[in-house]
Amino acid sequence: MANEWNTRTKLVHDGIRRSQYGEVAEAIFLTQGFVYDTAEAAEARFISAGEDEFIYARYGNPTVRMFEERIAGLEGAEDAFATASGMAAVNAALMSILKAGDHVVSARALFGSCLYILEDILVRFGVEVTFVDGTDPDGWKAAIRADTKVVFLESLSNPTLEVIDLKLVSDLAHAVGATVVVDNVFATPIYSRALELGADVVVYSTTKHIDGQGRCLGGVVLGRREFIRKTLEPYLKHTGGAMSPFNAWVMLKGMETLDLRVRAMTASATHLATALHGHAKLANVIFPHLASHPQFELARQVMEEGGTMLSIDVRGGQAAAFRVLNAMKIFTISNNLGDAKSIVTHPATTTHQRLSEDTRASLGITPGLIRISVGLEDAGDLLADLMQALEVA
Ligand SMILES: *Cc1c(COP(=O)(O)O)cnc(C)c1O
């Protein structure tokens with residue numbers, strides 16, 4: 001990793017390993033295993049494998065390693081381990097650290113599957129989990145205890161785009177020696193400053209902006225080398241959450257255009273949020289860099305830009321929201337995000353359907369709420385499509 005390079009250069013060149021053929025594009029090493037010249041060489045590699053010595057694709061693979069180094073370079077992390085999906089990354093980051101009897105403090109507003117790991121799986125294995133309102137400093141202060149082992153949060157929450165004061169939470173966690181694990185998908189790796197603000201471990205679903213073109217699942221855990229190699233790697237290499245070399249290649253190609261795509265999507269999201277703000281058919285427009293956002297000042301401090309996501313609350317509840325969704329011509333109804341295609345989601349009936357009505361209400365997931373992932377289409381076309389759809393609300 002060349003630290004002196006700026007982001008766009010790193011995104012194109014970091015981590016590259018060329019074979020004897022001198023290929024320009026990263027090669028896909030679609031191999032499960034690796035051969036050794038001699039029995040002694042096999043023995044030596046099992047004792048200690050060097051940087052470019054591989055044993056088995058569940059432990060590591062050259063194409064996957066290229067991707068890990070490229071994203072570690074972008075994030076400013078010492079090391080990374082790529083996984084089969086974002087959830088494999090979240091699960092491994094938590095399970096590799098925790099054991100029965102440990103205490104975790106987590107923000108309540110979480111991606112559904114993250115909530116399942118914390119609320120159902122960890123609890124079944126004897127881990128105690130305390131949930132807090134991520135935006136309330138006093139809540140964190142009251143919940144973090146001397147024996148708290150892990151603090152978990154999504155830096156920008158889904159779907160209500162709440163901003164968590166990561167610096168404040170990290171300081172509280174570090175005062176008791178807890179590890180701060182941040183799921184950073186919504187902030188995007190381009191605008192992320194999670195490690196700088198105090199996170200110890202950063203997790204991404206690379207399915208989102210990093211692929212960014214709706215093809216492959218993937219995930220990654222980033223952090224200090226000691227953590228990645230001594231704590232995370234043993235867990236992952238024996239439980240089998242490895243990223244496929246083919247998917248790593250797709251992610252590598254996605255990284256090349258990541259900065260361009262995220263910035264273009266963010267410019268359009270900012271345009272839409274500004275234009276929709278105050279619309280008569282909307283009770284609310286949520287976008288971190290809109291002055292009306294409850295944490296506007298914090299959002300400006302921790303994020304260079306407002307990001308690629310916004311949420312709108314359509315007056316008239318679910319029926320009106322469904323009419324808007326069904327009237328859209330460019331936006332596709334799906335539940336992914338960070339894609340080249342603009343995507344709209346109705347959280348209350350899909351991603352957050354499993355939650356009780358009370359929990360949804362406490363998280364601000366109203367029946368009229370529509371989450372919008374802004375893609376790469378023309379911003380004028382997107383706005384026109386939203387405006388015509390809102391007419392029928
Ligand atoms: C999508 C997502 C995940 C899960 O990622 P997968 O790649 O679908 O497993 C976890 N956290 C957040 C915030 C996400 O958006």
Is the number of heavy atoms from other residues, nucleotides or ligands within 6.0 Å of NZ (Lys167) greater than 12?
no
Is the closest basic N to carboxylate O distance between Lys149 and Asp102 below 4.0 Å?
yes
Could you tell me whether a side-chain N or O of Asn6 sits under 3.5 Å from a main-chain N or O of Arg8, the two making a donor and an acceptor?
no
Does a salt bridge link Arg193 with Glu304, judged by any charged N lying under 4.0 Å from a carboxylate O?
no
Could you tell me whether the side chain of Glu119 reaches within less than 4.5 Å of the side chain of Val129, counting heavy atoms only?
no
Is there a donor in the side chain of Ser192 and an acceptor in the side chain of Asn184, or the other way round, less than 3.5 Å apart?
yes
Can a salt bridge be assigned to the pair Asp14 and Arg65 using a cut-off of 4.0 Å between side-chain N and carboxylate O?
no
Over all atoms of both residues, closest heavy-atom pair of Val64 and Ala248
CA-CB, 3.6 Å
Backbone of Glu162 reached by a side-chain donor or acceptor of Ser157 within 3.5 Å:
yes
For residues Ala80 and Ile71, report the shortest heavy-atom separation together with the two atoms involved.
CB-CG2, 4.5 Å
Apply salt bridge (Lys or Arg N to Asp or Glu O under 4.0 Å) to Asp79 and Arg224, showing your working.
CA-CA 6 Å; Asp79 214 338; Arg224 282 185 279 278; over 6 Å; no
Restricting to non-hydrogen atoms, name the atom on Thr31 and the atom on Gly33 that form the minimum distance, rounded to 0.1 Å.
OG1-O, 2.8 Å
Is Thr207 reaching over with its side chain to a backbone N or O of Gly218, donor-acceptor style, under 3.5 angstrom?
yes
Are there more than 12 heavy atoms of other residues, nucleotides or ligands under 6.0 Å from atom NE2 of His277?
no
How about Gln32: does its CD atom have over 12 heavy atoms from other parts shown lying under 6.0 Å from it?
no
In the single-linkage hydrophobic clustering (I, L, V, M, F, W, Y; side-chain heavy atoms under 4.5 Å), do Val250 and Met66 co-cluster?
no
Side chain to side chain donor-acceptor pair (under 3.5 Å) between Thr359 and Ser362, worked out
CA-CA 5 Å; Thr359 308; Ser362 74; 5.3 Å; no
What pairs meet the side chain to side chain donor-acceptor pair (under 3.5 Å) rule with one or both residues in residues 38-57, with sequence neighbours excluded?
Arg17-Asp52
Is there a side-chain contact (heavy atoms from CB on, under 4.5 Å) between Tyr191 and Arg263? Walk through the geometry before answering.
CA-CA 9 Å; Tyr191 302 128; Arg263 287 182 193 281; 3.7 Å; yes
Is it true that Val203 and Leu115 fall in one hydrophobic cluster, defined by side-chain heavy atoms closer than 4.5 Å?
yes
Show your working on side chain to side chain donor-acceptor pair (under 3.5 Å) between Thr188 and Tyr204 and close with a plain yes or no.
CA-CA 8 Å; Thr188 86; Tyr204 286 104; over 6 Å; no
Do Val344 and Arg371 have side-chain heavy atoms sitting under 4.5 Å apart?
no
Please lay out, stage by stage, how Ser334 and Thr332 fare under the test side chain to side chain donor-acceptor pair (under 3.5 Å).
CA-CA 6 Å; Ser334 186; Thr332 48; 5.9 Å; no
Heavy atoms only: give me the nearest Ala178-Asp200 pair and the separation to one decimal.
O-OD2, 3.9 Å
Does one hydrophobic cluster hold both Met265 and Ile312, with members joined at side-chain heavy-atom distances below 4.5 Å?
no
Is it true that atom CG of Asp37 has more than 12 heavy atoms of other residues, nucleotides or ligands lying nearer than 6.0 Å?
no
Pair up each side-chain donor or acceptor in residues 103-114 with any protein partner under 3.5 Å, not counting sequence neighbours, and list the distances.
residue	atom	partner	partner atom	Å
His103	ND1	Thr148	OG1	2.9
His103	NE2	Thr130	OG1	2.7

Measure across Leu272 and Ala379 and return the closest heavy-atom pair with its distance rounded to 0.1 Å.
CD2-O, 4.2 Å
Flag yes if more than 12 heavy atoms outside Arg58 fall under 6.0 Å of its CZ atom; otherwise flag no.
yes
What I want to find out is whether Lys341 reaches Asp339 closely enough, with some N-O distance under 4.0 Å, to be called a salt bridge.
no
Please work out which of the three classes, parallel, tilted or perpendicular, describes the rings of His289 and Phe287, given edges at 30° and 60°.
perpendicular
Do the charged groups of Lys10 and Glu256 touch, with an N to O distance under 4.0 Å?
no
Do the side chains of Met87 and Phe125 join up, straight or via other hydrophobic residues, at under 4.5 Å, putting them in one cluster?
yes
CA sep, side-chain torsions, deciding dist, call: Val181, Val151, side-chain contact (heavy atoms from CB on, under 4.5 Å):
CA-CA 6 Å; Val181 180; Val151 166; over 6 Å; no
Inspect the surroundings of NZ in Lys253 and state if more than 12 heavy atoms from other residues, nucleotides or ligands are less than 6.0 Å away.
yes
Go through Asp385 and Glu377 one step at a time and tell me if the side-chain contact (heavy atoms from CB on, under 4.5 Å) criterion holds.
CA-CA 11 Å; Asp385 193 28; Glu377 304 93 337; over 6 Å; no
Membership question, hydrophobic clusters at under 4.5 Å side-chain separation (ILVMFWY): are Tyr116 and Val150 in the same one?
yes
May I ask you to check whether Asp133 and Thr135 show a side-chain donor-acceptor distance below 3.5 Å?
yes
Do Ile55 and Phe46 have side-chain heavy atoms sitting under 4.5 Å apart?
yes
Contact between His279 and Val285 at the side-chain level, heavy atoms closer than 4.5 Å - yes or no?
no
Indicate whether the side chain of Thr345 and that of Asn335 have a donor and an acceptor atom separated by less than 3.5 Å.
no
So, Thr349 and His346: side-chain donor and acceptor under 3.5 Å apart, yes or no?
yes
Between Trp249 and Ser244, is a side-chain contact (heavy atoms from CB on, under 4.5 Å) present by the stated rule, with each step listed?
CA-CA 9 Å; Trp249 178 81; Ser244 120; over 6 Å; no
Look only at the side chain of Gln388 and the backbone of Ala327, and say whether a donor-acceptor pair between them is shorter than 3.5 Å.
yes
When rounded to the nearest 0.5 angstrom, what is the spacing between CG in Leu325 and CD1 in Ile333?
5.0 Å
Considering non-hydrogen atoms only, spot the tightest contact between Ser311 and Pro159 and give its length.
OG-O, 2.6 Å
